[in-house]
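Below: one structure, written as structure tokens.
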Amino acid sequence: MNYYNDIEERLAQQYLTLGVGTNKICTDCHQDSNLSMPIGCWCVGSNFNNHQKRILFVGKNARGNPGAIENIFRNTFQYARDKLWNKRWAYWSYTRAISQKIFKNDSIENIAFTNIVKCNSSGGVDTTSDSIKNNCILKLKVLQNELQIINPTHIIYYTSYFYDNYIPNVFNSFTINYNGIRSIGKRTMPWQEAIATLGKQTFYVLRVGHPQYKEKSSFVDEISNWIENT
């Protein structure tokens, strides 16, 4: 399988160690739902650790069945680079524009990207149930383990309000500095800023809405300004 750096290799090993897809927590989920195989982290760029600000983007869950099967999960490290990063979809193109604005280079190798839940039961709208969220995020703690390996300085959740009962519990502490809305073009978007800790790690956390249907320039500028000012 393709790994572009030791962080991605360590993530793949982590999924095996946790038994993602095969342990009792996962099998309980799959008995009750028409779930995909677990889908791993999209990527951790090879330049990620070269930057003072190490930015991790977190989506809700992956759509469909991307990537190649590797043991117990779908490896998307190459797929994200080759098939997704240059898509025109807002999810990818807006993130690419943020990378361009922050790093003066829109390469995927500058950032890291993962999902808060590793399986999906829909190729479109997020239909993740509370029990699946609870199992994946709080019991199995896949994202928490990813954070310990990736070690970002900034985390940006594209999850809107739908995971607000879960995100704080990924961390040892979670202090909200602002919780409201932000104007993005003619629309408004949920906007929450926090500082979180996990062991000896400290993170600046921003939880916003999904990029879809948001004005691109406004969305990119607002998030880039937050990164630059934290």
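- Proximity of N61 to I116: side-chain heavy atoms (C-beta onward) are nowhere separated by under 4.5 Å.
- The number of heavy atoms from other shown groups lying within 6.0 Å of NZ (K133) is above 12.
- Looking only at distances, no side-chain donor or acceptor of K104 sits under 3.5 Å from a matching main-chain atom of Q100.
- The heavy-atom pair separating N172 from G199 by the smallest distance is OD1-N, 2.6 Å.
- Of the possible donor and acceptor atoms, none in the side chain of R74 sits under 3.5 Å from a partner among the backbone N and O of I69.
- The OG1 atom of T17 sits 11.5 Å away from the CZ atom of R10 when rounded to the nearest 0.5 Å.
- With rounding to the nearest 0.5 Å, the separation of CG in L11 from SG in C41 is 5.5 Å.
- Put simply, the side chain of N86 never gets that close to the backbone of D82: no donor and acceptor are under 3.5 Å apart.
- Between G21 and C26, the shortest heavy-atom distance links the atoms N-SG, 3.1 Å.
- Although no hydrogens or angles enter the test, the distance criterion places a donor-acceptor pair under 3.5 Å between the side chain of K53 and the main chain of E228.
- A side-chain donor-acceptor contact under 3.5 Å links N23 to the backbone of I25.
- Using a 4.5 Å heavy-atom cutoff, the side chains of W89 and Q212 are not in contact.
- The two residues I184 and E222 make their nearest non-hydrogen contact at CD1-CG, 3.8 Å.
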> Do T128 and F162 pass the side-chain contact (heavy atoms from CB on, under 4.5 Å) test, and can you show the C-alpha distance, the side-chain angles, and the key distance before you say yes or no?
Replying inline: CA-CA 10 Å; T128 306; F162 303 114; over 6 Å; no
> Under the side-chain contact (heavy atoms from CB on, under 4.5 Å) criterion, do Y204 and I195 qualify, and how do the steps go?
Replying inline: CA-CA 5 Å; Y204 295 100; I195 294 179; 4.1 Å; yes
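- In this view, Y79 satisfies the ring pair (Phe, Tyr, Trp, His ring centres under 6.0 Å) rule with no residue, not counting sequence neighbours.
- Separating the CG atom in N5 from the CG atom in N49 is a distance of 8.0 Å, to the nearest 0.5 Å.
- Taking the ring pair (Phe, Tyr, Trp, His ring centres under 6.0 Å) definition, one finds that Y166 meets it with nothing, sequence neighbours left out.
- Clustering ILVMFWY residues whenever any of their side-chain heavy atoms sit less than 4.5 angstrom apart, transitively, puts Y163 in a cluster other than the one holding W191.
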>> For L147 and I155: C-alpha separation, side-chain torsions, deciding distance, then whether side-chain contact (heavy atoms from CB on, under 4.5 Å) applies.
In response: CA-CA 9 Å; L147 292 179; I155 306 172; 3.8 Å; yes
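- Counting heavy atoms from C-beta on, the side chains of I156 and L56 never come closer than 4.5 Å.
- A heavy-atom distance below 4.5 Å is found between the side chains of Y15 and V142.
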>> Run the side-chain contact (heavy atoms from CB on, under 4.5 Å) test on L35 and N120 for me, step by step, so that the C-alpha distance in whole Å, both residues' side-chain angles and the decisive distance to 0.1 Å come before the verdict.
In response: CA-CA 5 Å; L35 288 176; N120 71 76; 5.8 Å; no
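- Here the shortest heavy-atom pairing between N75 and E70 reads ND2-OE1, 2.7 Å.
- Within the 4.5 Å cutoff, side-chain heavy atoms of F113 are placed close to those of I111.
- In this structure, OG1 on T22 lies 12.0 Å from CZ on F73, to the nearest 0.5 angstrom.
- With 3.5 Å as the limit, one finds no donor-acceptor pair spanning the side chains of S183 and T188.
- A salt bridge links R182 with E193: at least one charged nitrogen is closer than 4.0 Å to a carboxylate oxygen.
- Taking the side chain as every heavy atom from C-beta outward, V170 and L198 never approach each other to under 4.5 Å.
- Judged by distance alone, with hydrogens and angles left aside, the side-chain atoms of N134 form no donor-acceptor pair with the main-chain N or O of D130 at under 3.5 Å.
- K214 forms no cation-pi arrangement with Y94, by the criterion of a distance under 6.0 Å to the ring centre and an angle within 45° of the ring axis.
- Between F203 and F171, the ring center distance clears the sub-6.0 Å criterion.
- Side-chain atoms of R54 come within 3.5 Å of backbone N or O of N151 as a donor-acceptor pair.
- Residues I176 and A194 come closest through the heavy atom pair CA-CB, 4.0 Å.
- Ionic pairing of D106 and K101 is not present here: no N-O contact between side-chain nitrogen and carboxylate oxygen is shorter than 4.0 angstrom.
- F103 and F219 fall within the same hydrophobic cluster, defined by Ile, Leu, Val, Met, Phe, Trp and Tyr side-chain heavy atoms under 4.5 Å apart, directly or through other members.
- Side-chain atoms of R96 come within 3.5 Å of backbone N or O of W85 as a donor-acceptor pair.
- Cluster membership for Y161 and Y157, using ILVMFWY side-chain heavy atoms within less than 4.5 angstrom, is not shared.
- For the atom pair Q192 CD and N179 CG, the distance stands at 4.5 Å (nearest 0.5 Å).
- Shortest non-hydrogen contact noted between G64 and S36 is O-CB, 4.1 Å.
- T27 places a side-chain N or O within 3.5 Å of a backbone atom of K24 that can act as its donor or acceptor partner.
- Considering only residues two or more places apart in sequence or on other chains, N50 meets the side chain to side chain contact (heavy atoms under 4.5 Å, CB included) condition with N47.
- For the pair N105 and S99, the minimum side-chain heavy-atom distance is 4.5 Å or more.
- Hydrophobic cluster membership is shared by V44 and L18, with clusters built from Ile, Leu, Val, Met, Phe, Trp and Tyr side chains linked at under 4.5 angstrom.
- Salt-bridge formation is detected for the pair K118/E146: a Lys NZ or Arg NE/NH1/NH2 atom is positioned less than 4.0 Å from an Asp or Glu carboxylate oxygen.
- Side chain to side chain, S173 and T197 meet the donor-acceptor criterion of an N or O pair below 3.5 Å.
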> Which is it for Y158 and F57 under the ring pair (Phe, Tyr, Trp, His ring centres under 6.0 Å) test, yes or no, and what are the steps along the way?
Replying inline: CA-CA 7 Å; Y158 288 162; F57 296 87; 5.7 Å; yes
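- Using a cut-off of 4.0 Å between Lys/Arg side-chain N and Asp/Glu carboxylate O, E8 and R81 are scored as salt-bridged.
- Atom OH in Y91 sits 9.0 Å away from atom CG in L84 (nearest 0.5 Å).
- A continuous path of Ile, Leu, Val, Met, Phe, Trp and Tyr side chains, each step under 4.5 Å between heavy atoms, connects W226 with I55, placing both in one hydrophobic cluster.
- Looking only at side-chain heavy atoms (C-beta outward), S160 and H210 stay at 4.5 Å or farther from each other.
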